[in-house]
Asks: 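Please find one structure pasted underneath; my questions will follow.
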Amino acid sequence: VADSDDTFNEDAIRPDALMEESDRLHAGDLAKLLQRRAEFVEVSCPACGSEKRDRLWTKDGFHYDRCDECATAYVNPRPPPALLEEYYATAENYRYWSKEIFPAAEATRRLHIARPRVERVIDICERSDVRQWPVLLEVGAGHGTFCAEAVESGHFGRVIAVEPTPSNAEACRNRGIEVIARPIEQVALDGHTADVVASFEVIEHLFDPRAFVEGCAGALPSGGLLVLSCPNLKGFEVAALGVGSRTVDAEHLNYFHPESLALLLQRCGLDVLELSTPGRLDAEIVRKRALAGFLNLEREPFLKTLLIEEWHRIGPAFQRFLADNRLAAHMWAVARKP
Ligand SMILES: [Zn+2]
């Protein structure tokens with residue numbers, strides 16, 4: 001996508017005016033979840049399984065640990081699966097997103113998020129010798145924007161949305177998308193297989209990422225591909241803003257980085273083909289936080305030069321540098337089932 005593309009920015013996918021209300025509702029949802037902290041359970045590292053860890057952050061009453069072995073960060077203790085399910089089914093903020101934000105931002109999100117994702121997945125298929133007219137399965141399809149784009153691309157023999165949340169499954173069906181309304185762990189048991197399983201911004205929300213990856217792998221034949229995206233803990237946005245980053249949010253239970261995500265995929269028996277950080281918004285997000293007074297750059301003259309004084313000259317090149325060097329906060333992994 002061209003650099004002159006000025007319609008894609010943070011505001012277009014998360015309109016500022018609506019985000020204020022969303023933030024308010026989200027804080028209320030988290031406070032309600034925190035009231036049930038007695039039910040939270042301790043877990044080991046979601047990437048490597050180690051029990052060794054140190055406290056990294058505390059935010060909104062939730063504790064974040066970092067694994068001593070692989071440096072993955074994770075919310076610990078965390079809500080157990082049944083409580084998480086209840087949380088997502090009743091969260092006010094999700095209702096608000098369905099009603100206000102997705103409709104307002106749908107066209108932009110489709111053009112600037114779903115379409116590039118589809119193009120990237122097609123590119124991955126072509127580079128990885130996946131058969132023609134592959135079956136594509138998206139896990140956590142939400143409202144089905146990606147699946148709709150994938151169908152429209154004409155590249156796939158079949159496109160299936162895996163979406164256990166009833167209202168989302170219904171939204172997908174209403175767009176004419178084939179839906180399996182079950183958790184991925186049960187999909188392979190039902191005898192479904194796909195040449196490519198894709199999942200975007202899901203794994204960071206899950207109680208048990210390993211069970212999830214194993215579930216995805218279970219739906220793949222030998223040679224099939226798993227494509228995942230999630231935040232990168234070591235990316236610029238999170239590294240620069242720390243707990244002040246929107247990415248650091250109790251809904252995100254797991255914070256992988258390229259090496260630790262690779263480790264998890266390998267532990268699930270997959271061969272890692274690619275790890276990349278095609279993020280495009282780090283610099284802009286950090287700049288906005290600085291301009292809004294949440295990040296003081298007075299003692300960071302180098303960042304101040306990059307993000308404020310020379311922003312228009314250097315900003316886009318700096319973001320490209322981050323993306324090209326696995327330093328952006330949005331990460332993709334491609335793995336193959338042997
Ligand atoms: Zn670990």
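Bear in mind that the values here come from a model prediction, so they are computed numbers and not experimental data. For reference, positions follow the sequence shown, starting with 1.
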Asks: Under 4.5 Å between side-chain heavy atoms, hopping through other hydrophobics if needed: is there a path connecting I180 to V135?
Replies: yes

Asks: Using a strict cut-off of less than 4.0 Å between a Lys/Arg side-chain nitrogen and an Asp/Glu carboxylate oxygen, indicate whether E138 and R117 qualify as a salt bridge.
Replies: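 No.
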
Asks: Using atom types as modelled and distance alone, determine if a side-chain donor or acceptor of S260 lies under 3.5 Å from a backbone N or O of F256.
Replies: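 Looks like no, no N/O pair under 3.5 Å.
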
Asks: When rounded to the nearest 0.5 angstrom, what distance separates CD1 in I113 from OG1 in T108?
Replies: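 Spacing of CD1 (I113) from OG1 (T108) equals 9.0 Å.
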
Asks: From L264 CG over to L270 CG, what is the distance, rounded to the nearest 0.5 angstrom?
Replies: 9.0 Å

Asks: Any salt bridge linking R24 with E20? Criterion: basic side-chain nitrogen under 4.0 Å from a carboxylate oxygen.
Replies: no

Asks: Assigning hydrophobic clusters by single linkage (Ile, Leu, Val, Met, Phe, Trp, Tyr; side-chain heavy-atom cutoff under 4.5 Å), is V139 placed with Y88?
Replies: no

Asks: If you take all heavy atoms of L18 and E100, which pair is closest and at what distance?
Replies: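 Reported closest heavy-atom pair: CD1-O, 4.0 Å.
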
Asks: Between the side chains of D65 and N76, does any donor sit under 3.5 Å from an acceptor?
Replies: yes

Asks: Looking at side-chain heavy atoms only, is the closest gap between E126 and H155 below 4.5 Å?
Replies: yes

Asks: To check you understand the geometry: which heavy-atom pair defines the closest contact between A333 and L275, and what is its length?
Replies: CB-CD2, 3.6 Å

Asks: Does L241 reach the side chain of I285, with side-chain heavy atoms less than 4.5 Å apart?
Replies: yes

Asks: Is any side-chain heavy atom of C268 less than 4.5 Å from a side-chain heavy atom of R210?
Replies: yes

Asks: Within the distance-only criterion (no hydrogens, no angle test), does the side chain of E92 pair as donor or acceptor with the backbone N or O of L25 below 3.5 angstrom?
Replies: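 Checking the backbone N and O of L25 against the side chain of E92, no donor-acceptor pair under 3.5 Å is found.
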
Asks: Judged by atom type as modelled, is there a donor-acceptor pair below 3.5 Å linking the side chain of S222 to the main-chain atoms of P338?
Replies: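 Confirmed, S222 side chain pairs with P338 backbone.
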
Asks: Check R78, H205, E204 against N254 for a side-chain hydrogen bond (donor to acceptor under 3.5 Å, both in side chains) and give me the one that passes.
Replies: R78

Asks: Using side-chain heavy atoms (C-beta onward) and a distance below 4.5 Å, is F40 in contact with L33?
Replies: yes

Asks: Has the side chain of Y64 got a donor or acceptor atom that lies under 3.5 Å from a matching backbone atom of A250?
Replies: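 Flag set: sc Y64 to bb A250 pair under 3.5 Å.
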
Asks: Evaluate side-chain contact (heavy atoms from CB on, under 4.5 Å) for R289 paired with E237, printing each intermediate quantity in order.
Replies: CA-CA 10 Å; R289 296 296 278 177; E237 186 228 319; over 6 Å; no

Asks: Work out which heavy atom in L226 is nearest to a heavy atom in C216; give both atom names and the distance.
Replies: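 Minimum heavy-atom contact is CD1-CB, 3.7 Å.
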
Asks: Counting only heavy atoms from other residues, nucleotides and ligands, does the tally under 6.0 Å from CZ of R55 exceed 12?
Replies: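 More than 12 within 6.0 Å, yes.
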
Asks: Would you check, one step at a time, whether the test side-chain contact (heavy atoms from CB on, under 4.5 Å) holds for L34 with D60?
Replies: CA-CA 9 Å; L34 201 59; D60 304 328; 6.0 Å; no

Asks: Check whether any side-chain heavy atom of S199 lies under 4.5 Å from a side-chain heavy atom of F212, and answer yes or no.
Replies: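 Of all side-chain heavy-atom pairs linking F212 with S199, at least one is under 4.5 Å.
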
Asks: Can you tell me how far the CZ atom of F156 sits from the CG atom of L136, to the nearest 0.5 Å?
Replies: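 Reported value, rounded in 0.5 Å steps: 4.5 Å.
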
Asks: For residues W332 and F200, establish whether the separation of their ring centroids is below 6.0 Å.
Replies: yes

Asks: What I'd like to find out is whether the side chain of D54 reaches to under 4.5 Å of the side chain of R66, using heavy atoms alone.
Replies: no

Asks: At what distance, to the nearest 0.5 angstrom, does OG1 of T193 lie from NZ of K337?
Replies: 9.5 Å

Asks: How about CD on E274, more than 12 heavy atoms from neighbouring residues, nucleotides or ligands closer than 6.0 Å, or not?
Replies: yes

Asks: Tell me, do R109 and T145 make a side-chain contact under 4.5 Å, heavy atoms counted?
Replies: no

Asks: Looking at every heavy atom in both T277 and L322, which two are closest together, and how far apart are they?
Replies: OG1-O, 3.6 Å

Asks: Look at the side chain of H252 and the backbone N and O of T247, then say whether any donor-acceptor pair between them is shorter than 3.5 Å.
Replies: yes

Asks: Under the side-chain contact (heavy atoms from CB on, under 4.5 Å) rule, what do L295 and L297 come out as? Steps first, then yes or no, please.
Replies: CA-CA 6 Å; L295 178 68; L297 295 183; 3.8 Å; yes

Asks: Membership question, hydrophobic clusters at under 4.5 Å side-chain separation (ILVMFWY): are V202 and I160 in the same one?
Replies: yes

Asks: Roughly how far, to the nearest 0.5 Å, is the CD atom of E214 from the CG atom of L265?
Replies: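 So the gap between those two atoms works out to 11.0 Å.
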
Asks: Is the shortest side-chain heavy-atom distance between E69 and C45 below 4.5 Å?
Replies: no

Asks: With a sphere of 6.0 Å drawn around CG of N325, does it hold more than 12 non-hydrogen atoms of other residues, nucleotides or ligands?
Replies: yes

Asks: Can you confirm whether F321 is buried at CZ, in the sense that more than 12 heavy atoms of other residues, nucleotides or ligands lie under 6.0 Å from that atom?
Replies: no

Asks: Which atoms form the tightest heavy-atom contact between H257 and C70, and what is the distance?
Replies: NE2-O, 2.6 Å

Asks: Does H192 form a side-chain contact (heavy atoms from CB on, under 4.5 Å) with V162? I'd like the steps, not just the answer.
Replies: CA-CA 11 Å; H192 293 281; V162 175; over 6 Å; no

Asks: So if you build clusters from Ile, Leu, Val, Met, Phe, Trp, Tyr with side-chain heavy-atom gaps below 4.5 Å, do W57 and L253 land together?
Replies: yes

Asks: Using modelled atom types only, decide if a donor and an acceptor are shared between the side chain of D282 and the backbone of A328 within a distance under 3.5 Å.
Replies: no

Asks: So how far is it from C125 SG to R131 CZ, rounded to the nearest 0.5 Å?
Replies: 11.0 Å

Asks: So with a 6.0 Å cut-off around CD of E42, is the heavy-atom count from everything else above 12?
Replies: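 Yes, the 6.0 Å shell around CD holds more than 12 heavy atoms from other groups.
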
Asks: Can you hop from L111 to V118 via hydrophobic side chains spaced under 4.5 Å?
Replies: no

Asks: On a heavy-atom basis, which atom in L261 and which in C230 lie closest, and how many Å separate them?
Replies: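 Closest heavy-atom pair between L261 and C230: CD2-SG, 4.1 Å.
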
Asks: For D271, does its backbone N or O pair with a side-chain atom of R336 as donor and acceptor, under 3.5 Å?
Replies: no

Asks: Before accepting this row, confirm whether a basic side-chain N of the pair E106/R175 lies closer than 4.0 Å to the acidic partner's carboxylate O.
Replies: yes

